[in-house]
Visitor: 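Below is the structure I would like to discuss, written out as structure tokens.
Start at 1 with the first residue, then count along the sequence. Atoms considered below: every heavy atom in the structure, side chains included; atoms not considered: hydrogens, waters and symmetry mates. Note that this is a predicted model, so its numbers are computed, not measured.
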Amino acid sequence: MRLTSLAVIALAVFSFHARANICGTDFQSFNPTTSGLDFVTVHSSETLQPCVVNMGLFFNYAVNSLTYSKTLNANVVGGQKGKDQTFGADLSAGMGLTKRWDFGFSIPFVISQHVDQDYYVSSFDNGGATEVKANTKYRLLGDDSGGLAGILSFNYNLIRDNPFTGKNPGPGWNFELAADTTLAKKWAVGLNAGYRRRSQGKPLPGVPFVPMDDQYIYSAAASYLISAIDTKVIFELYGSQAAKKVTQDTDRSLSSLEALVGLKHDISQNIAAHFGYTKQVDSSLGGPEWRVYTGVNWTIGPICKEEAPKVVVAPPPPEPAPTPAPDEVYTLNIELIFAHDSDQIGTKHVAPLDDFIKGLISQGFTRIVIDGHTDSLGDPEYNLGLSLRRANRVRQYMIDNHKVDAKKVEATGYGLTKPIADNGNFQGRQKNRRVEFNVWRGKH
């Protein structure tokens, strides 16, 4: 519960609005996703599974992100720009609603800011929340190897005296498509593209800037999973293009482009730590020359009422000749049979497991091979042993409690060697922790 407490404290401390001196901007170029899946700011098509909750807390230190009045700065102080440093945070949460649909929200904060020279420059008078953002994603098609999703999100500006949104602005709306795929089980790539619709307020009097208009938004990402150290190396490029050409008295462009390189390390099955660096490619509003960030994602669930074990029928895996492939393959999630890091069958799972075994017996079989599998976290040799112990435990349970002929039931353990999903995130690892029943019905 420590991370939950930290999130509540952060929200309480920074819940007041940021106030701008001359101007502030809602142009947040660093936006960690609320699902915590696959990348950092770029969306994959994957959604959080039903009742799975992800909480995120990111901190970033940005250098030279402020916008100057080009004319006034040149006329009054000879174009000498000061240096600035901004320390900020992003607090977020996301939750799966169905197998293809999730939602989330996030609140970015300004914690502190230092400006060497504050003439005719946008800066924050104090810290606080700068926006409230919410999003929902629906997966249109795809599986564990990739797919396509639609994303709808909005942001509501909380910065006072903000000429880049104007007086009394409405919320901004984003419409995006996210596509991704997996290559050689180690690489994942993703593309996002969409349109940002801004509800402009009226220009602030006496300020040389005008409210921002609509934008085209786009991003791309690639990640590589280093299984030996449970770490993903992530590369991203994200930006925007102004939909309309506007005369603006700033030293920065209304379009943006920023590059990111980062690491995502899985500390445990539920907790992932992020570290990384971003570099400005195009000088833009709100985009720093460079930034370093760190963060954590904590994923829990499903938090809804636990259901009885669900049986998934999968296509039989290919077998080398002359051994025939099984007639059916059934997959059960490890958590629906065993306690964490244990080969003991949980008391609460005995009844549904009995029902499943009775179903197998009632249809008749000539042979069953029980395969145990784990995710990639932990020592490979230990995982191999654990997977075999679990498979043997189920085999012995069938023999002792259901009087199954021992000659008809075999057990094998594969450890982490046969993943069916991405080991680089919480949901993929959950699918890889499984027991498979390979069933032969006829005579072979």
Visitor: Regarding N297 and H274, do their side chains bring together a donor and an acceptor under 3.5 Å, going by distance alone?
Guide: yes
Visitor: Just to verify, what does K232 make a salt bridge (Lys or Arg N to Asp or Glu O under 4.0 Å) with, not counting sequence neighbours?
Guide: D38, D422
Visitor: Can you list everything that forms a side-chain hydrogen bond (donor to acceptor under 3.5 Å, both in side chains) with D371? Sequence neighbours excluded, please.
Guide: T412, N438
Visitor: Could you tell me whether a side-chain N or O of N432 sits under 3.5 Å from a main-chain N or O of G428, the two making a donor and an acceptor?
Guide: yes
Visitor: If only atom types and distance count, is the side chain of Q85 paired as donor or acceptor with the main-chain N or O of V63 below 3.5 Å?
Guide: no
Visitor: Please check this pair: side chain of S45 against backbone of L141, looking for a donor-acceptor N/O pair closer than 3.5 Å.
Guide: no
Visitor: Return yes if some donor-acceptor pair links the side-chain N/O of K431 with the main-chain N/O of D144 below 3.5 Å, else return no.
Guide: no
Visitor: Looking at every non-hydrogen atom in both residues, tell me the closest pair between A89 and I111 and how far apart they are.
Guide: CB-CD1, 3.8 Å
Visitor: How long is the straight-line distance from OG of S145 back to CD1 of I420, given to the nearest 0.5 Å?
Guide: 12.0 Å
Visitor: Measure from the side-chain N and O atoms of Q427 to the backbone N and O of T47, and report whether any donor-acceptor pair falls under 3.5 Å.
Guide: yes
Visitor: Under a 3.5 Å distance rule, please check whether W440 uses its side chain to pair with a backbone N or O of A325 as donor and acceptor.
Guide: yes
Visitor: I'd like to know if D343 pairs up with R389 as an ion pair, taking the criterion as any Lys NZ or Arg NE/NH1/NH2 lying under 4.0 Å from an Asp or Glu carboxylate oxygen.
Guide: yes
Visitor: Using the test salt bridge (Lys or Arg N to Asp or Glu O under 4.0 Å), find all partners of D213 that sit at least two apart in sequence or belong to another chain.
Guide: K244
Visitor: Check for a donor-acceptor pair, side chain of S362 on one end and backbone N or O of G359 on the other, with a separation under 3.5 Å.
Guide: yes
Visitor: I want to check something: taking the side chain as every heavy atom from C-beta on, are N383 and H373 in contact at a cut-off of under 4.5 Å?
Guide: no
Visitor: Shortest non-hydrogen contact from Q430 to N333?
Guide: O-ND2, 2.9 Å
Visitor: Of all residues at least two apart in sequence or in a different chain, which pass the ring pair (Phe, Tyr, Trp, His ring centres under 6.0 Å) check with W173?
Guide: F154
Visitor: Which pair of non-hydrogen atoms, one from D102 and one from G96, has the smallest distance, and what is that distance?
Guide: CB-CA, 3.8 Å
Visitor: The criterion is side-chain hydrogen bond (donor to acceptor under 3.5 Å, both in side chains); which residues satisfy it with Q396, sequence neighbours excluded?
Guide: D400
Visitor: Verify side chain to side chain donor-acceptor pair (under 3.5 Å) between T231 and H265, making sure each step is shown before the conclusion.
Guide: CA-CA 4 Å; T231 300; H265 175 66; 2.9 Å; yes
Visitor: Could you work out, with ring pair (Phe, Tyr, Trp, His ring centres under 6.0 Å) as the rule, every residue matching F426, not counting sequence neighbours?
Guide: none
Visitor: One pair to check against side chain to side chain contact (heavy atoms under 4.5 Å, CB included): L384 and E381. What are the steps and the verdict?
Guide: CA-CA 5 Å; L384 182 62; E381 187 173 344; 5.7 Å; no
Visitor: Side chain to side chain contact (heavy atoms under 4.5 Å, CB included), that's the test. Do V42 and V40 meet it? Break it down for me.
Guide: CA-CA 6 Å; V42 178; V40 183; over 6 Å; no
Visitor: Residues in side-chain hydrogen bond (donor to acceptor under 3.5 Å, both in side chains) with Y382, at least two apart?
Guide: D341
Visitor: Does this structure show an ion pair linking D266 with R429, if we count only N-O contacts that are shorter than 4.0 Å?
Guide: yes
Visitor: Among residues at least two apart in sequence or on other chains, which ones pass ring pair (Phe, Tyr, Trp, His ring centres under 6.0 Å) with W187?
Guide: Y224
Visitor: List the steps and the verdict of side chain to side chain contact (heavy atoms under 4.5 Å, CB included) for F175 and L152.
Guide: CA-CA 5 Å; F175 309 90; L152 173 65; 3.4 Å; yes
Visitor: Please step through side chain to side chain contact (heavy atoms under 4.5 Å, CB included) for the pair L177 and I151, ending with a clear verdict.
Guide: CA-CA 6 Å; L177 287 176; I151 304 167; over 6 Å; no
Visitor: Rounded to the nearest 0.5 Å, what separates atom CE in M95 from atom CE in M55?
Guide: 11.5 Å
Visitor: Mind listing the closest non-hydrogen atom pair of S240 and I217 along with its distance?
Guide: CB-CG2, 4.0 Å
Visitor: For V189 versus A222, what's the shortest heavy-atom pair and its separation?
Guide: CG1-CB, 4.0 Å
Visitor: Distance check, rounded to the nearest 0.5 Å: L360 atom CG versus F437 atom CZ?
Guide: 7.0 Å
Visitor: Is it the case that atom NZ in K279 sees more than 12 heavy atoms from other parts of the structure closer than 6.0 Å?
Guide: yes
Visitor: Could you tell me whether a side-chain N or O of T136 sits under 3.5 Å from a main-chain N or O of F103, the two making a donor and an acceptor?
Guide: no
Visitor: With distance as the sole criterion, is a donor-acceptor pair present between the side chains of E236 and S219 under 3.5 Å?
Guide: no
Visitor: I'd like to know whether S268 forms a side chain to side chain donor-acceptor pair (under 3.5 Å) with N270, so could you lay out the CA-CA distance, the side-chain angles of the two residues, the decisive distance to 0.1 Å, and finally the verdict.
Guide: CA-CA 5 Å; S268 69; N270 300 75; 4.7 Å; no
Visitor: If you measure only the distance, is there a donor-acceptor pair under 3.5 Å linking the side chains of S35 and N54?
Guide: no
Visitor: So, do Y216 and Y195 have ring centers that fall under 6.0 Å from each other?
Guide: yes
Visitor: Which residues satisfy the side-chain hydrogen bond (donor to acceptor under 3.5 Å, both in side chains) test with T278, sequence neighbours excluded?
Guide: E258, R291
Visitor: Looking at R100 and G142, what are the two nearest heavy atoms and their distance?
Guide: NH2-O, 4.0 Å
Visitor: Quick one: do K264 and N425 satisfy side chain to side chain donor-acceptor pair (under 3.5 Å)? Show the steps, please.
Guide: CA-CA 9 Å; K264 177 187 177 186; N425 64 55; over 6 Å; no
Visitor: Under 3.5 Å, side chain of N155 to main-chain N/O of E131, donor-acceptor pair present?
Guide: no
Visitor: Say you draw a straight line from NZ of K137 to OG of S153; how long is it, rounded to the nearest 0.5 Å?
Guide: 11.0 Å
Visitor: Drop me the distance from D84's CG to Q113's CD, to the nearest 0.5 angstrom.
Guide: 6.0 Å
Visitor: Would you find more than 12 non-hydrogen atoms of other residues, nucleotides or ligands less than 6.0 Å from Y218 atom OH?
Guide: yes
Visitor: My understanding is that only residues two or more places apart in sequence, or in another chain, count here; which of them pass side chain to side chain contact (heavy atoms under 4.5 Å, CB included) with A179?
Guide: L148
Visitor: Could you tell me which residues satisfy salt bridge (Lys or Arg N to Asp or Glu O under 4.0 Å) with R390, sequence neighbours excluded, listed by chain and number?
Guide: none
Visitor: Can you measure from OH (Y156) to OG1 (T130) and round to the nearest 0.5 angstrom?
Guide: 13.5 Å
Visitor: Under a 3.5 Å distance rule, please check whether N64 uses its side chain to pair with a backbone N or O of E289 as donor and acceptor.
Guide: no
Visitor: With sequence neighbours excluded, what pairs up with H43 under the ring pair (Phe, Tyr, Trp, His ring centres under 6.0 Å) test?
Guide: none
Visitor: Hey, are D214 and R198 close enough for a salt bridge, meaning a charged N less than 4.0 Å from a carboxylate O?
Guide: no
Visitor: Would R367 and E410 pass as an ion pair if we require N to O under 4.0 Å?
Guide: yes
Visitor: Take the angle between the ring planes of Y293 and F30 and call it parallel below 30°, perpendicular above 60°, tilted in between.
Guide: tilted
